[in-house]
There are 2 protein chains.
Amino acid sequence: MSHSNLANVVPFPRSAPSAAPCVCPKLFRASAPGIAEAERFYSRDEDIYGECEPAEYVYQVISGAVRTYKLLNDGRRQIDAFHLPGDIFGLVAGYAHRVTAEAIIDTNVRIMRRRTLEAIAGTDVATACDLWRMTADELRRAQDHMLLLGRKSAAERVAAFLLEMDRRLSTAGMVALPMSRRDIGDYLGLTLETVSRTLSHLHDQAILSFSGARHIVLLDRARLVAMNA
Amino acid sequence: MSHSNLANVVPFPRSAPSAAPCVCPKLFRASAPGIAEAERFYSRDEDIYGECEPAEYVYQVISGAVRTYKLLNDGRRQIDAFHLPGDIFGLVAGYAHRVTAEAIIDTNVRIMRRRTLEAIAGTDVATACDLWRMTADELRRAQDHMLLLGRKSAAERVAAFLLEMDRRLSTAGMVALPMSRRDIGDYLGLTLETVSRTLSHLHDQAILSFSGARHIVLLDRARLVAMNA
DNA sequence: CGCCGGATTGATCAGTTTCAAGGCATGTGG
DNA sequence: CCACATGCCTTGAAACTGATCAATCCGGCG
């Protein structure tokens, strides 16, 4: 009955657990027909959904990049996550979104109706469990990020960011950042100037090199890991 | 089949939705026999579970207070949540805990075996949904807290803390804080001195009054709300 | 009553932000 | 094809917020 590839990590009892571990479901399960309903395109800086808006769809990034954030009255912004190709975002248990989502660059997403997903989850325990796991993974990242925001220095934050991006989107030894220094700052709880200065400092120390401001080669991951506290 | 009182907010299809809204399940459902398996007592500062430890139980605070936190190598601490009477904590979707839990003061908790909960969730969609919702509620709080940690000033953080505690544990117009200034600082990403100074400043402005350091009366919630950005 | 841990308060310091100027890359139109 | 405009990034100097270091102070408890 289950189409999940997460059978061995989901805690629910399961009749036929698979052998392949997968901590974070990265793709809509291809074997569940009708799940991925459509694709949509968003231009750079286009809104995908707003905070408090009813959550009608769940999204998966095909190409491009998305930021989700919260704002204060006076415009201060906290980006809670960057969503890169393969990532699913926009899934909430409640009625409404709790962050705003915007395309960072031109972005293609796959969408599925939340209603459909819930209908499946209502009858298929594996799917219900997938939903829970996806939310739990987001929570885990949020908890790590709270530690960063509350207790890490600027250098430690930038090091953590570089290692995260290296892990998530490096190709051919190079990290091609889709986001601006301001986006990075708003993710790390810093100003764009501090981000820039810290990157320059890492460059001076030969920990990284640039090919234009948004293409970074990590030359010494060990030192980044060491400074990640 | 469902014993949940959340029928109308959980998004799963349900045959007989109830009328009472309840955004956050505060109690183990009393009508599910055998759920609450036992009670346990923890003394002030006693460990309940550690980060990375296998998650065997889920907990509900009966009396007392609990802090959950992460540490950096050098001892810097970020408290991600305070758990007060009625709150459930220790629920994770994965195998292991991702934060450490400690009793702040002498604390009684109700525990249930995670295995039991999962067994129920495996057959009862409403329970599966409750688990998802509880994790989603934690995520929502984490997202709000990231905004606080990344972008709010010390005064705004303390104001937010006071309003939160006022909402969660005020009795007879008084907030009886179970935690120290250091705990508050580690929750808000500040030092204990900054917390103390900010509280003193609010006292000078007649926004609050003290009955001993840990008993606070809010005299002007409106101004606290206003400074909460 | 005195002790002790926690809280307050003060003075100084450091890290990050703010304000400001200039540089570099990209893209567009002459 | 080049000049220029634009937006993003870098860099510098000064200001500021919150941290650190260091005394007390207070209150609860033995």
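Order of the sequence lines fixes the chain letters, A, B, ..., with proteins taken first and strands second; residue numbering starts at 1 for each chain.
- Take A:Asp45 and apply the side chain to side chain contact (heavy atoms under 4.5 Å, CB included) test, not counting sequence neighbours, and it matches A:Arg67.
- Applying the side-chain hydrogen bond (donor to acceptor under 3.5 Å, both in side chains) test to A:Thr194 and every residue at least two apart in sequence or in another chain returns A:Thr191.
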What does the B/S/- profile of nucleotides 9-22 of chain D look like, 5' to 3', with a 4.0 Å heavy-atom cutoff to protein?
SBBBB----SSBB-
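- Between B:Arg77 and B:Asp183 there is a salt bridge, with a side-chain nitrogen of the basic residue lying less than 4.0 Å from a carboxylate oxygen of the acidic one.
- When the side-chain hydrogen bond (donor to acceptor under 3.5 Å, both in side chains) test is applied to B:Arg181, no partner is found at least two apart in sequence or on another chain.
- In terms of the side chain to side chain contact (heavy atoms under 4.5 Å, CB included) criterion, residue partners of A:Arg151 (sequence neighbours excluded) are, by chain and number, A:Leu147, B:Leu72, B:Arg76, B:Gln78, B:Asp186.
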Donor-acceptor pairs under 3.5 Å, side chain of residues 222-229 of chain B to any protein atom, not counting sequence neighbours: which ones?
from	atom 1	to	atom 2	distance (Å)
B:Arg223	NE	B:Asp220	OD2	2.8
B:Arg223	NH2	B:Gln205	O	3.0
B:Arg223	NH2	B:Asp220	OD2	3.4
B:Asn228	ND2	B:Glu156	O	3.4

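- Across the helix from C:dC1-D:dG30 to C:dG30-D:dC1, the helix axis at one end is tilted relative to the axis at the other end by 20° (nearest 10 degrees, each axis from five pairs).
- Among residues two or more places apart in sequence or in another chain, the side chain to side chain contact (heavy atoms under 4.5 Å, CB included) test is passed with B:Ala65 by B:Leu84, B:Ile104, B:Ile105, B:Pro178.
- Among residue pairs with one or both ends in residues 143-182 of chain B, those qualifying as ring pair (Phe, Tyr, Trp, His ring centres under 6.0 Å) are B:His145-B:Tyr187; sequence neighbours excluded.
- Taking the six-membered ring where tryptophan is involved, the planes of A:His97 and A:Tyr59 are tilted, since the angle between them lies from 30° to 60°.
- Within the structure, salt bridge (Lys or Arg N to Asp or Glu O under 4.0 Å) contacts touching residues 48-59 of chain A (residues at least two apart or in different chains) are A:Glu51-A:Lys70, A:Glu56-A:Arg113.
- Put simply, chain B comes within 4.0 Å of DNA chain C, heavy atom to any atom, from C:dG6 to C:dA11, going 5' to 3'.
- The stretch residues 69-78 of chain B does not touch DNA chain C, since none of its heavy atoms comes less than 4.0 Å from the strand.
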